[in-house]
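Okay, so here's the structure we're looking at.
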Amino acid sequence: MALVPSAASASVAQVEANGFVVRHVAQVSATPEETWAVLVKPSVWWDSDHTWSGDAANLTLDARAGGCFCEVLPNESSPKATPRGSVEHMRVIYVERGRALRMSGALGPLQSDAAIGTLTVQLKPDGKGGTQVLLEYVVGGFTRTPFEKLAPAVDGMLGGQLQRLTEKLGGAFAAAFPKIETDVADRPAEEPAAADPAAGLDIVPLSSKPTTSDGPLVGR
């Protein structure tokens, strides 16, 4: 599951010595409910080049708390034989149909290090029958490769996945955030923290109580 930058990549939102944040935004003409129905079926939109088996058809997502975003590794001699193995890409920790999906896990080669990531996908009605899709992946911990080198690759991979989802739903991928300096090695200690690129998107932490169907949509 190589992390190869995609041409659809936006920019890394934030990178520090102990972690990084990737954010992407897309606009689709489908409703939140229609978008959700495709989102939870990664086998129809995830890039096969970013799977362990080489085929996205082997991916499944159990969209409930504790559910697994998993992949079957088919038997190489016969697809009908007992699989040779399986992979847990991420585990669902928050799910609200048509609104927000949050999973925990280290994608791809990150899982071989002491890293953890939290991936949140928020769906927000655009007021015109379509949906704004916000994807955010926050990674921290210890990796043998510096985060400033990993962040652009992870950004490119996830940007490519969101672009594929967007194209499946008939929408436009948006490089919504300006590039920032990702080399933290020479950053002055007194440099102030960068402004949050999500500011102005009306995104706030998920509330402890689900919203009503006609209430404001919140999520991160």
Seminar exercise, completed: Taken to the nearest 0.5 Å, the spacing of C70 SG from M90 CE works out to 11.5 Å
Exercise. Which heavy-atom pair separates P152 from K149 by the least distance, and what is that distance?
Worked result: CD-O, 3.5 Å
For this session: Kindly give the heavy-atom pair with the smallest separation between C68 and E88, and that separation in Å.
Result: SG-CG, 3.5 Å
For this session: Enter the distance from T166:OG1 to R164:CZ here, rounded to the nearest 0.5 Å.
Result: 11.5 Å
Exercise. Is there a path of hydrophobic side-chain contacts, each under 4.5 Å between heavy atoms of I, L, V, M, F, W or Y residues, that connects V40 with V28?
Worked result: yes
Exercise. Roughly how far apart are F20 CZ and T143 OG1, rounded to 0.5 Å?
Worked result: 8.0 Å
Problem set entry | Any side-chain heavy-atom pair of L119 and L135 under 4.5 Å | yes
Problem set entry | Side chain proximity check, Y137 to D155, heavy atoms < 4.5 angstrom | no
Seminar exercise, completed: Closest non-hydrogen contact found for V95 with A63 is CG2-O, 3.8 Å
Problem set entry | Taking every non-hydrogen atom, the tightest pair across A56 and S48 | N-OG, 2.9 Å
For this session: Check step by step if side chain to side chain contact (heavy atoms under 4.5 Å, CB included) holds for V133 and L162.
Result: CA-CA 9 Å; V133 183; L162 184 57; 3.8 Å; yes
For this session: Nearest 0.5 Å please: distance from the CZ atom of F69 over to the CZ atom of R91.
Result: 13.0 Å
Problem set entry | Check: L150 main-chain N/O paired with T145 side-chain donor or acceptor under 3.5 Å | no
Exercise. Roughly how far apart are D126 CG and K128 NZ, rounded to 0.5 Å?
Worked result: 7.0 Å
Exercise. With hydrophobic residues grouped by side-chain heavy-atom distances under 4.5 Å, do I116 and M103 end up in a single group?
Worked result: no
Exercise. Can you tell if the side chain of V72 reaches within under 4.5 Å of the side chain of S53, non-hydrogen atoms only?
Worked result: no
For this session: Begin from the C-alpha positions of V87 and T51 and carry the test side chain to side chain contact (heavy atoms under 4.5 Å, CB included) through to its verdict.
Result: CA-CA 10 Å; V87 180; T51 64; over 6 Å; no
Problem set entry | Worked verdict on L61 versus L101 for side chain to side chain contact (heavy atoms under 4.5 Å, CB included) | CA-CA 11 Å; L61 173 57; L101 174 67; 3.9 Å; yes
Problem set entry | Where Y94 and R99 come nearest, the two heavy atoms and their spacing | OH-NH1, 3.1 Å
For this session: Report the C-alpha separation of V21 and E136 in whole Å, then their side-chain angles, then the decisive distance to 0.1 Å, and conclude whether the side chain to side chain contact (heavy atoms under 4.5 Å, CB included) test is met.
Result: CA-CA 7 Å; V21 179; E136 181 183 73; 4.0 Å; yes
For this session: Check whether any side-chain heavy atom of V44 lies under 4.5 Å from a side-chain heavy atom of V38, and answer yes or no.
Result: yes
For this session: Mind listing the closest non-hydrogen atom pair of A106 and A115 along with its distance?
Result: CB-O, 3.6 Å
For this session: To the nearest 0.5 angstrom, please state how far the CG atom of L107 sits from the CD atom of Q161.
Result: 9.0 Å
For this session: Evaluate whether atom CZ of R84 has more than 12 neighbouring non-hydrogen atoms of other residues, nucleotides or ligands under 6.0 angstrom away.
Result: yes
